[in-house]
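One-based numbering, in listed order, for ligands and for the atoms of each. Because the structure is a prediction, the values reported are computed rather than measured.
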Amino acid sequence: MTRGLDYGADYNPEQWPLDVRLEDVGLMREAGVTILSVGIFSWAMLEPREGEHDFGWLDDTLDRLHGAGIRVALATATASPPPWLTRKHPEILPELADGTVLHPGGRQAYSVSSPVFRDYALRMTRTMAERYGEHPALALWHVDNELGCHVPHDYSDDAAAAFRRWLERRYGTVAALNTAWGTAFWSQRYGSFDEVLPPRTAPTYANPTQQLDFARYSSDELLVHYRALRDVLREVTPHVPTTTNLMLSTGTKWMDYFSWAGDLDVVANDHYLRAHDPEGHVELAFSADLTRGVAGGDPWILMEHSTSAVNWQPRNRAKGEGEMLRNSLTHVARGADAVMFFQWRQSAAGAEKFHSAMVPHAGRDTNVWRRTVELGAALGALGPVRGSRVRADVALVFDYPAWWGAELDSHPTQALRYTDEVLAWYRALWRRNVTVDLVPAGADLTGYRVVVIPTLYCVTDHAAAAVARAAEAGASVLVTFFSGIVDEHDHVRLGGYPGAFRDLLGVRTEEFFPLLDGERRTLDDGTSSQLWTEKTHLAGAEAVRTYADGPLAGWPAVTRRAVGDGVAWYAATRLDETGTARVVDALLTEAGVAPAAEAPDGVEVVRRHGEGTSFLFVVNHTGADVTVATHGRELIRATDVDGEVRVPAHGVAVVQES
Ligand code: GAL
């Protein structure tokens, strides 16, 4: 029998007495659990006093899980330092921009730049590796936890020193730094690296290049911490793969995960649904595609999501009918080979006691438990999917430094949200069931038939050239407003906007006209636009849409230019949903891109390709039964499909196609 896809959760047995831990194993078997993350927040339990260890409970846990055939992603246990450590060494605590010290009492109260903390974390990691490296349950190392989740930026003195070292490596000389940071402005010229600080709270806008470099440094610095711990694990247990759980979604801005990917043996992601968003499943699909992008197309692990409500949003909505299964299998459809939750058993105490889990407070006689068991059975039946891949004809460029840059202060508008721009285009493609690869700026775009580049504010010459090459080679490329404006140092590309893309697009914008809240412009096809307009001259392109009202009436809003074997489009404004859909349809039609399958509105379709076989995932977000044309075998219900698969309201089908 083929092994199913992996299934599990974070497991925190230290929160429970022995009788509950013993009961857990039976329940895990019933649910079909195959893997658990253990020990993530266990430092204070494993080392209650400096140098004194209590491993008994963890030894027993690992033995018990192994006996039940469950594998373990064992943590380094360094995700939250124990109270004795922060009492002895308060200098390891991180600081905010205004000097506020982040104290212990929650979690993650450490500075990754603190050499003292680093030493303790390395020691703990080595202790774990030496004790458990040969344990038969050990399948994967889980380094720390969600690095940067609560403290993406640390402004402490240790961080300032690390930032200076990072700048010296980047620029070599202080003269080069002065040029890059444009310090001729506002008397900011530095005489030596020693004078440089993180962008701590200042009387007014901090130097934007300093802000951008601090964001780059901070992401790198967290990665450096990961690497240090990872290297210990590799040294002691070279046979065990290592990962850490990323937070790829539109909600996590500050870690450039594309630059982290090469250091993870397998990419693992945590994703939580935006409960306030009626189309949260679109953002979920986006995050799953982004995870696949970071994984370079390889299968990945969904390391955390929730069975139902979380505890940390303003309103913590319980999941609706079938939602947990749909969420889980959307991740699988988009490349996950394992589905895990936070957490196994809902805590009785602590800040997360109202966060759902696989075993809820109310026990087994609950919808959540029944759905948990049902999902385990479904994943058990999806073994054949393991290792298969998703293919896409469309690339959407998603770039962390461009996100940081686009949302800097002292810009034409403070209302621009990078992820809103990205999601607007992603959503239009999602509605067409066209699968999208999310790639960073500078990625090789050849082979894609459509390339979408939303608001890529800062761009290197190299990345801009890759976009132009894609168009020359035959792709339909769409660039949207406030792209190509500055180089990697946040220096404006002079001569008219959108600087780096001006020649490719055949346009020249002379001035921005951002709109006020609620203000709209009508376009000549009756659709509208908001947020942003600009005065754009045609310089080789043709106008596809023009403004029908406002001070720019008659000026181009959307343009198109034939380039080499392809086409370059420019959207100079934020189009409404219909306007966005029309442009997407035009791009898909001219590039000859088809959906994964024809399906009714609200039904999501994605295909994974294996060797000599393919898997059609149909996720029904509607309240009606639907059918989608295909042939083969539906794996979850184990039934043959001849012509069309019927997918129940709120349900999912996975057809191995013949
Ligand atoms: C994650 C974290 C877990 C848990 C979860 C709750 O950020 O890794 O430990 O706190 O959120 O949603």
Side-chain (T61) to main-chain (W57) donor-acceptor, under 3.5 angstrom: yes
Proximal atoms of ligand 1 relative to H355 (non-hydrogen, under 4.0 Å): 6 (C), 12 (O)
Atoms in ligand 1 flagged as close to E146, the criterion being non-hydrogen separation under 4.0 Å: 1 (C), 2 (C), 7 (O), 8 (O)
Sub-4.0 Å atoms of ligand 1 with respect to non-hydrogen atoms of W312: 6 (C), 12 (O)
Distance-only donor-acceptor check, side chains W166 and D220, under 3.5 Å: yes
D59 with R131: basic N within carboxylate O range, under 4.0 Å: yes
Protein heavy-atom partner closest to atom 3 (C) of ligand 1 - residue, atom, separation in Å: E304 OE1, 3.4 Å
Lys/Arg cation over aromatic W16: R345, 6.0 Å, 45° cone: yes
Atom indices of ligand 1 within 4.0 angstrom of F41 heavy atoms, with elements: 9 (O)
Atom 9 (O) of ligand 1: nearest protein contact (heavy atom, Å): R107 NH1, 3.0 Å
Set of residues satisfying salt bridge (Lys or Arg N to Asp or Glu O under 4.0 Å) with respect to R427, sequence neighbours excluded: E279
Plane angle bin for H153 and Y155 - parallel if under 30°, tilted between 30 and 60°, otherwise perpendicular: perpendicular
Enumerated ligand 1 atoms positioned under 4.0 Å from heavy atoms of N145: 2 (C), 8 (O), 9 (O)
E352: numbered ligand 1 atoms lying under 4.0 Å from its heavy atoms: 4 (C), 5 (C), 6 (C), 10 (O)
